Chemist: 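Have a look at the structure that comes next, please.
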Amino acid sequence: MKILVAEPLAAAGIELLKAQPGWDIVISNPKEYAQHLEDADALFVRSAVKVNAEVLAKAPKLRVIGRAGVGVDNVDLPAATAGNVLVMNTPGGNAVAVAEHTLGFMLCMARSIPQASASTKSGKWEKKKFLGSELRGKTLGILGLGYIGQEVAKRARGFEMKIIASDPYANAKIAADLGVSLVSLDELYKQSDFITLHVAITKETNKMLGDAAFAKMKTGVRIVNCARGELIDDAALARAIQSGKVAGAAIDVFEIEPPSADNPLLALERVLATPHIGGSTGEAQEIVGVRIVEQVVDYLQRGVVLNAVNTVAVR
Ligand code: MLT
């Protein structure tokens with residue numbers, strides 16, 4: 001059995017792979033992994049490797065793709081299914097990491113921490129310029145109350161925020177237990193002081209934050225996106241910030257990563273940007289790395305299918 005690891009994976013996960021008798025483990029990287037595809041039975045990726053039809057065609061023996069993380073938008077699922085390749089992910093494994101990044105972004109925006117730090121280190125003392133606002137008493141609108149949205153809600157409660165969420169699939173009991181009121185999308189836009197996105201990319205969510213959505217929001221709203229870049233129309237967000245409708249935005253994800261230098265958001269002082277590191281904590285990488293290896297081992301050794309995002313004939 002040949003196992004191809006195309007992106008960094010937790011050491012404990014690699015050890016577990018190496019412990020499987022007769023398995024040949026190839027540790028590669030996104031630039032070189034393709035040369036090992038020909039006889040690979042399993043492929044491990046994070047988000048840098050784009051597993052499209054062309055890549056799958058080079059891997060005729062491939063039985064399973066393990067995605068260490070949640071989003072599987074870097075894998076062509078119909079092509080994988082057509083090739084009878086099972087795709088698995090690790091939902092919830094990095095939820096706390098992403099939630100903490102989200103709260104960090106909210107505090108940074110409310111208190112202008114990155115800007116104040118840069119100003120102070122440059123020798124200025126701009127105490128008046130950096131008058132902040134508190135999270136306490138503000139309304140947080142969570143778009144998508146899945147694993148990550150729920151972790152965000154738990155933490156926002158500690159800051160004494162009012163929490164509302166919009167999610168057609170939300171579990172009403174979980175929401176109630178978390179002290180979250182479920183509302184319509186329009187109501188969330190209307191009421192929120194902060195809006196944070198925690199939904200997957202679908203036809204319905206693609207560019208859901210565009211001119212029409214911003215027009216429905218409160219003046220002075222702040223936006224956090226630690227989910228996927230495609231959820232926001234960047235040009236529309238830049239316009240909304242320049243007009244003062246949106247007071248700030250904190251963006252961890254971009255439609256094209258890394259974003260091009262002419263991305264309209266990058267030039268704006270009221271935009272904070274990080275390089276898709278929401279899920280990048282040592283703890284989260286350990287969890288998703290070990291979990292995905294356990295799942296793939298279970299599948300290849302025992303035919304057990306857990307957290308599959310497509311359906312294929314087990315072989
Ligand atoms: C995820 O989908 O798990 C997060 O965006 C982090 C990552 O891409 O690895």
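The shown structure was predicted, so the numbers you read here are calculated from the model rather than taken from an experiment.
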Chemist: Are Phe214 and Ile251 connected, step by step, through hydrophobic side chains (Ile, Leu, Val, Met, Phe, Trp, Tyr) whose heavy atoms are closer than 4.5 Å?
Modeler: yes

Chemist: Distance alone, cut at 3.5 Å: any donor-acceptor contact between the side chains of Asn74 and Ser47?
Modeler: no

Chemist: Can you list, pair by pair, the side-chain donor-acceptor contacts under 3.5 Å of residues 21-31, counting residues two or more places apart and other chains?
Modeler:
{"residue": "Ser28", "atom": "OG", "partner": "Tyr33", "partner atom": "N", "Å": "3.3"}
{"residue": "Asn29", "atom": "OD1", "partner": "Lys31", "partner atom": "N", "Å": "3.0"}
{"residue": "Asn29", "atom": "OD1", "partner": "Glu32", "partner atom": "N", "Å": "3.0"}
{"residue": "Asn29", "atom": "ND2", "partner": "Glu32", "partner atom": "OE1", "Å": "3.3"}

Chemist: Just jot down the side-chain contact (heavy atoms from CB on, under 4.5 Å) partners of Ile113, sequence neighbours excluded, or say none.
Modeler: Cys108, Arg111

Chemist: So, the side chain of Asp233 versus the backbone of Ala236: is there a donor-acceptor pair under 3.5 Å, distance only?
Modeler: yes

Chemist: Check whether any side-chain heavy atom of Leu37 lies under 4.5 Å from a side-chain heavy atom of Leu4, and answer yes or no.
Modeler: yes

Chemist: Give a yes or no on whether Lys190 atom NZ has more than 12 heavy-atom contacts from other residues, nucleotides or ligands under 6.0 Å away.
Modeler: no

Chemist: So Val304 and Tyr299, side chain to side chain contact (heavy atoms under 4.5 Å, CB included) or not? Walk me through it.
Modeler: CA-CA 5 Å; Val304 175; Tyr299 178 60; 6.0 Å; no

Chemist: Output the distance between atom NZ (Lys124) and atom CZ (Phe130), rounded to the nearest 0.5 Å.
Modeler: 8.0 Å

Chemist: Quick one: does Leu209's side chain get under 4.5 Å of Leu237's, heavy atoms only?
Modeler: no

Chemist: Between CE of Met1 and CD of Gln20, what distance do you get to the nearest 0.5 Å?
Modeler: 9.0 Å

Chemist: Could you tell me whether the side chain of Ser243 and the main chain of Ala240 form a donor-acceptor pair under 3.5 Å?
Modeler: yes

Chemist: Would you say the side chains of Thr205 and Thr202 form a donor-acceptor pair under 3.5 Å?
Modeler: yes

Chemist: Can you measure from CG (Asp41) to CZ (Arg63) and round to the nearest 0.5 angstrom?
Modeler: 6.5 Å

Chemist: Can you check whether His276's main-chain N or O pairs, donor with acceptor, with Glu257's side chain at less than 3.5 Å?
Modeler: no

Chemist: Taking C-beta and beyond as the side chain, do Val271 and Leu266 meet within less than 4.5 Å on heavy atoms?
Modeler: no

Chemist: Using a 4.5 Å cut-off between side-chain heavy atoms of Ile, Leu, Val, Met, Phe, Trp and Tyr, which other residues end up in the same hydrophobic cluster as Val152?
Modeler: Val98, Leu103, Phe105, Met106, Leu107, Met109, Leu135, Leu140, Ile142, Leu145, Ile148, Phe159, Met161, Ile163, Ile174, Leu178, Val180, Leu182, Phe194, Val224, Leu272

Chemist: Check which hydrophobic residues are tied to Trp125 through side-chain heavy-atom contacts below 4.5 Å, counting indirect links as well, and list them.
Modeler: none

Chemist: Closest approach of Leu77 and Asn310, non-hydrogen atoms and distance?
Modeler: O-ND2, 4.3 Å

Chemist: Supply the atom-to-atom distance Leu185 CG to Glu204 CD, rounded to the nearest 0.5 angstrom.
Modeler: 12.0 Å

Chemist: How close do Pro264 and Ala238 get, heavy atom to heavy atom, and via which atoms?
Modeler: CB-CB, 3.8 Å

Chemist: Please list, chain by chain and in numerical order, all residues satisfying salt bridge (Lys or Arg N to Asp or Glu O under 4.0 Å) with Arg291, sequence neighbours excluded.
Modeler: none

Chemist: Go through the structure and list residues passing salt bridge (Lys or Arg N to Asp or Glu O under 4.0 Å) with Lys154, not counting sequence neighbours.
Modeler: Glu151

Chemist: Going by atom types alone, do Gln191 and Thr139 pair a side-chain donor with an acceptor below 3.5 Å?
Modeler: no

Chemist: Could you go through residues 282-289 and list every donor-acceptor pair under 3.5 Å that involves a side-chain atom there, pairing it with any protein atom two or more places apart or in another chain?
Modeler:
{"residue": "Gln285", "atom": "OE1", "partner": "Arg46", "partner atom": "NE", "Å": "3.4"}
{"residue": "Gln285", "atom": "NE2", "partner": "Gly279", "partner atom": "O", "Å": "3.0"}

Chemist: Taking only residues two or more places apart in sequence or in another chain, which ones pass side-chain contact (heavy atoms from CB on, under 4.5 Å) with Ala79?
Modeler: Ala53, Leu56, Asp76

Chemist: What is the minimum heavy-atom distance between Leu86 and Ala308, and which atoms define it?
Modeler: CD1-CB, 3.8 Å

Chemist: To the nearest 0.5 Å, how far apart are CG in Leu197 and CG in Asn225?
Modeler: 4.5 Å

Chemist: Does a side-chain heavy-atom distance below 4.5 Å link Val64 with Val85?
Modeler: no

Chemist: Return the CD1 to CD1 distance between Ile14 and Ile3, rounded to the nearest 0.5 Å.
Modeler: 10.5 Å

Chemist: Can you tell me if Gln295 uses its side chain to pair, donor with acceptor, with the backbone of Gly66 under 3.5 Å?
Modeler: no

Chemist: Please list, chain by chain and in numerical order, all residues satisfying salt bridge (Lys or Arg N to Asp or Glu O under 4.0 Å) with Asp167, sequence neighbours excluded.
Modeler: none

Chemist: Do other residues, nucleotides or ligands put more than 12 heavy atoms under 6.0 Å from Glu269 CD?
Modeler: no

Chemist: Could you pull out the closest heavy-atom pair between Leu265 and Asn263, with the gap in Å?
Modeler: N-OD1, 2.8 Å

Chemist: My understanding is that a hydrophobic cluster links ILVMFWY residues whose side chain heavy atoms are under 4.5 Å apart, including indirect links. Using that, what else belongs to the cluster containing Val253?
Modeler: none

Chemist: Decide yes or no for Arg155 and Thr102: does some side-chain heavy atom of the first lie under 4.5 Å from some side-chain heavy atom of the second?
Modeler: no

Chemist: Between Phe44 and Leu17, is any pair of side-chain heavy atoms under 4.5 Å apart?
Modeler: yes

Chemist: Please check: side-chain N/O of Lys61 versus main-chain N/O of Lys2, any donor-acceptor pairing under 3.5 Å?
Modeler: no

Chemist: Which heavy atom in Ile292 sits nearest to a heavy atom in Ala68, and how many Å separate them?
Modeler: CG2-CB, 4.0 Å

Chemist: Using a 4.5 Å cut-off on heavy atoms from C-beta on, say whether the side chain of Val297 contacts that of Leu300.
Modeler: no

Chemist: Does the side chain of Gln115 come under 3.5 Å of the side chain of Lys129 through a donor N or O and an acceptor N or O?
Modeler: no

Chemist: Indicate the atoms forming the closest heavy-atom contact of Pro91 with Asn89, along with that distance.
Modeler: CD-OD1, 3.1 Å

Chemist: With no hydrogens and no angle check, is any side-chain donor or acceptor of Asn307 less than 3.5 Å from a backbone partner on Met88?
Modeler: no

Chemist: Looking at Asp193 and Arg222, does any basic side-chain N land under 4.0 Å from a carboxylate oxygen?
Modeler: no

Chemist: Under a 3.5 Å distance rule, please check whether Thr90 uses its side chain to pair with a backbone N or O of Gly69 as donor and acceptor.
Modeler: yes

Chemist: Please, which pairs that meet salt bridge (charged side-chain N to carboxylate O under 4.0 Å, His left out) have at least one residue in residues 131-149, sequence neighbours excluded?
Modeler: Glu134-Arg136

Chemist: Is it true that atom CD of Glu54 has more than 12 heavy atoms of other residues, nucleotides or ligands lying nearer than 6.0 Å?
Modeler: no

Chemist: Quick check: does any side chain N or O of Ser184 sit under 3.5 Å from a backbone N or O of Glu187, one acting as donor and the other as acceptor?
Modeler: yes

Chemist: Is any side-chain heavy atom of His101 less than 4.5 Å from a side-chain heavy atom of Asp252?
Modeler: yes

Chemist: Who passes salt bridge (Lys or Arg N to Asp or Glu O under 4.0 Å) against Lys216, sequence neighbours left out?
Modeler: Asp186

Chemist: Using 4.0 Å as the upper bound for N to carboxylate O, is an ion pair formed by Lys207 and Glu255?
Modeler: yes

